[in-house]
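Each remark here refers to the structure printed beneath this line.
Hydrogens, waters and symmetry mates are skipped; everything else that's a heavy atom, side chains included, is used.
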Amino acid sequence: MKVVVVGGVAGGASAAARIRRLDETAEIIVLERSGYMSYANCGLPYYVGGIITDPQELTLQTPERFFARFHVDVRVKQEAIAIDPTAKTVTVKNLATGEVYTESYDKLLLAPGAKPTQPKLEGAQLDRVFTLRTVEDTFRIRSFVEREKPKKAVLAGGGFISLEMAENLVEMGVEVTVVQRPKQLLAPLDPDMASLLHRVMRKHGIRLQLGSTVAGFRADGNAILTLLDGEEALQSDMVLLAIGVTPESSLAAQAGLKLGVKGSILVNDRMETSAPDIYAVGDAVEVKHYITGEKTLISLAGPANRQGRIAADNICGGDSRYPGSQGSSVLKMFDTTIATTGINEKTASALGLDYDYVILSPNSHASYYPGAKAMTMKVLYEKGSLRLLGAQIIGKEGVDKRIDVLATAMYARLNAAQLKELDLAYAPPYSSAKDPVNMAGFMIENLANGMVKQIHLPALKDLPQDGSVTLLDTRTQEEYIRGHAAGFQNIPVDELRERLQELPQDKPVYVMCQTGLRSYAACRILTQYGYDSWNISGGYAFYRAVMLEQRAQEEAYACGMERVTLSAAEKA
């Protein structure tokens, strides 16, 4: 059997290695148009920033090492330019010499990945406008940064690559502005959770220009102007264009293979394309979303590796199936970790799902053990069935651990209430006896059983202002004095039973505390004394963070997009 693999990196390289492990006699050829057969895409921004100092660390495998271990013929700087599915041949161009030749195959695996989305913008090809996809791109940016020592950079786009580059450039002393058409960064997050990310970035001096549209670029001496629709241009020393990625499916399309969403390569759960003996994996292929069942694109290294393994199994006569992608991801932003899995509110609403969510702010480990750090968790679930739909977590420690537990629970089809039953490891330096994941399960079960009713922040503004409802803050008097939401009266939860006469029983009571825990206890007291009580999800800490970000963005527009800096109190 002769197998030709088009593309290395995650999917192609993992498939080639797996094929060899399954079939020692197969002839395996990998064609990679870049100069590197397998490299760490996710590490590229950290090489630019000097966190990764040895360029060889970026190359996970060299053709020589790969051949020594697997006896796979890896050909770098060799681009597949045409496929003939009938003749079962691939036309290849040697980019170093210009030679064009034909390679036959019994089985063909396409792993071309995705390319940075490049809209037709004026000046997008200027020397100081960069994209980041390959090791060569990384070396080019690193060389520019070392040579020119830029003081200002504009990053167009608010996804993973843009944010990782923003962090690395700031750490190098570069003044960074992120321009994004949507009014939030990182699309997998809901706007309220994105507010927490925005605050972290503003705190570290990154200027956010959200709701702005890039119209093009223009050289300005040794600087470059980023042109914006209806706004003043931004001058900088360099620009990174990172507004998304597009499936690299042109080769498949030219060969007549069927395409899926957004021009991706259509495959089934065996990673087979519409043409016999041709498989495809990675960022170029359409996948099923594991939670919704919808067809989608998810460009992440983990799914690409798993798909490569599955395709290899089937190429070698097996019957492996890809169940779909959840989109689990994690991002470092200075001292903060942002992680997601599953779907967010926007997707749930678009699909017409009857959903709800809980917001909690647990500590990373036992509060009495030194160094505990609070995190904010948002867990979405379907009402009735309690099916887990998604989760978002932002915090300084313990975030990756919890998102992985929640991702596993979702894959195993546990319902949200079953989170409370998970037997998770506990010791004071690592967790609490009631782990944050358990706590989410307790909260959802209480809501499902009618133990408590809740209201979310967006609904607060719709509450009547005519005195027909009671707004109650159950924190201590000292906490209340330091800051509280407008219109809330203060009765600490520990004094509530003795001061019930201060609350009219014919009015619904909306209860707030710092994180939602004391207000839940207060709601249980009020409910049992005949009050119609509602817990305000997330508490004052979440309310304050979201409101501060909204105010920061409004101030940014009000002062002509000058950098917004948070006061010392807001940074605390």
Any chance the side chains of Thr177 and Gln209 put a donor and an acceptor closer than 3.5 Å?
-> no
Partners meeting ring-ring contact (aromatic ring centres under 6.0 Å, His included) with Phe334 (sequence neighbours left out) | His204
How far does OG1 of Thr340 sit from CG of Leu331, to the nearest 0.5 angstrom?
-> 9.5 Å
Distance-only side-chain donor-acceptor flag, Glu294 / His289, under 3.5 Å = no
Does Phe144 CZ have over 12 foreign heavy atoms under 6.0 Å away?
-> yes
Would a distance-only check, ignoring hydrogens and angles, find a side-chain to backbone donor-acceptor pair under 3.5 Å from Lys453 to Gly450?
-> no
Run through Arg202, Arg199, Arg544 and flag the one making a salt bridge (charged side-chain N to carboxylate O under 4.0 Å, His left out) with Glu549.
-> Arg202
For the pair Tyr355 and Tyr357, name the ring-plane relationship: parallel under 30°, tilted 30 to 60°, perpendicular over 60°.
-> parallel
Report yes if the side chains of Leu460 and Tyr543 come closer than 4.5 Å at any heavy-atom pair, otherwise no.
-> yes
Does Arg270 count as lying over the ring of Tyr279, i.e. NZ or CZ under 6.0 Å from the six-ring centre, within 45 degrees of the axis?
-> no
Mind jotting down which residue pairs meet the salt bridge (Lys or Arg N to Asp or Glu O under 4.0 Å) criterion with at least one end in residues 328-342? Sequence neighbours excluded, please.
-> Glu167-Lys332, Asp335-Lys396
Which pairs with one or both residues in residues 385-429 pass ring pair (Phe, Tyr, Trp, His ring centres under 6.0 Å), sequence neighbours excluded?
-> Tyr290-Tyr411
Rounded to the nearest 0.5 Å, how far does CD of Gln326 lie from CG of Leu300?
-> 11.5 Å
Distance col, row Ile394:CD1 vs Leu196:CG, nearest 0.5 angstrom, shows 4.5 Å
Scan Arg387, Lys383, Glu382 and name whichever one has a side chain to side chain donor-acceptor pair (under 3.5 Å) with Ser385.
-> Glu382
Report yes if the side chains of Leu419 and Asn438 come closer than 4.5 Å at any heavy-atom pair, otherwise no.
-> no
Cut-off 3.5 Å, side chains only: do Ser431 and Asp435 have a donor facing an acceptor?
-> yes
Please name the pair of heavy atoms, one in Ala15 and one in Gly308, separated by the smallest distance, quoted to 0.1 Å.
-> CB-O, 3.3 Å
Test item: Asp192 and Phe542 side chains (from C-beta on) under 4.5 Å apart, heavy atoms | yes
